Amino acid sequence: MKKAVIVNQTVLPGYHMPMGFESLNPFKKTRADRLKKNLKTAVEEEKLNFRVDFDNTYGDIEQLKMDGTDFYIFTPFVSDHVELHLLEGKEYVVLTDEEYTDGETARIIRKMKWLDYV
């Protein structure tokens, strides 16, 4: 089974919290939660050989590579801070603001289907 990871931003309270970051309220559904739920549902419907995980991180690519991640899904805010050149030979998708806000998974699923057949 291949491993797909949604790489989301981490916000520390009181530490430079620009607009657009997720709320720290544990009772509020975040956009990342909605995306993960939609993606898991789509993977099950398409019967793809992927396990979807979630990583709240500052974009530590080396750690994710050591964990055996096959496919990376970057949220819009994290993609600005991650060194994508470290992902040589790995597949990834950088979500647009619209895809992330709406929880759209079509482009991610197309890429997963391609990876599943390769």
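Nothing here was measured: the structure is a model prediction, and the numbers come from that model.
Listed by first and then second residue, the salt bridge (Lys or Arg N to Asp or Glu O under 4.0 Å) pairs that reach into residues 102-111 are Glu91-Lys111, Glu99-Arg107, sequence neighbours excluded.
To the nearest 0.5 Å, the span separating CH2 on Trp114 from CZ on Phe71 amounts to 10.0 Å.
Applying the side chain to side chain donor-acceptor pair (under 3.5 Å) criterion to Asp97, with sequence neighbours excluded, gives no partner residue. The side-chain contact (heavy atoms from CB on, under 4.5 Å) check on Lys40 picks up Lys36, Val52, with sequence neighbours excluded. Qualifying side chain to side chain donor-acceptor pair (under 3.5 Å) partners for Glu44, counting only residues two or more places apart in sequence or in other chains: none.
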Task: Intermediate values then yes/no, side-chain contact (heavy atoms from CB on, under 4.5 Å), Phe74 and Val93 - done: CA-CA 6 Å; Phe74 292 104; Val93 169; over 6 Å; no
Open item on the list: As a quick check of understanding, evaluate side-chain contact (heavy atoms from CB on, under 4.5 Å) for Val5 and Asp70, giving each step before the final call.
Closed with: CA-CA 8 Å; Val5 171; Asp70 300 301; over 6 Å; no
TODO: Kindly indicate, with the supporting measurements, whether the criterion side-chain contact (heavy atoms from CB on, under 4.5 Å) is fulfilled by Phe50 and Leu115.
DONE: CA-CA 10 Å; Phe50 273 93; Leu115 288 172; 4.0 Å; yes
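Looking only at distances, a side-chain donor or acceptor of Asp116 sits under 3.5 Å from a matching main-chain atom of Asn49. Side chain of Lys2 to main chain of Thr69: no donor-acceptor pair is present (N/O by atom type, distance under 3.5 Å, no hydrogens or angles).
The closest side-chain heavy-atom distance from Tyr92 to Ile73 is not below 4.5 Å. With contacts defined as side-chain heavy-atom distances shorter than 4.5 Å, the pair Leu39/Ile109 qualifies. With contacts defined as side-chain heavy-atom distances shorter than 4.5 Å, the pair Ile108/Met112 qualifies.
Pro76 and Leu95 get closest at one heavy-atom pair: CG-O, 3.5 Å.
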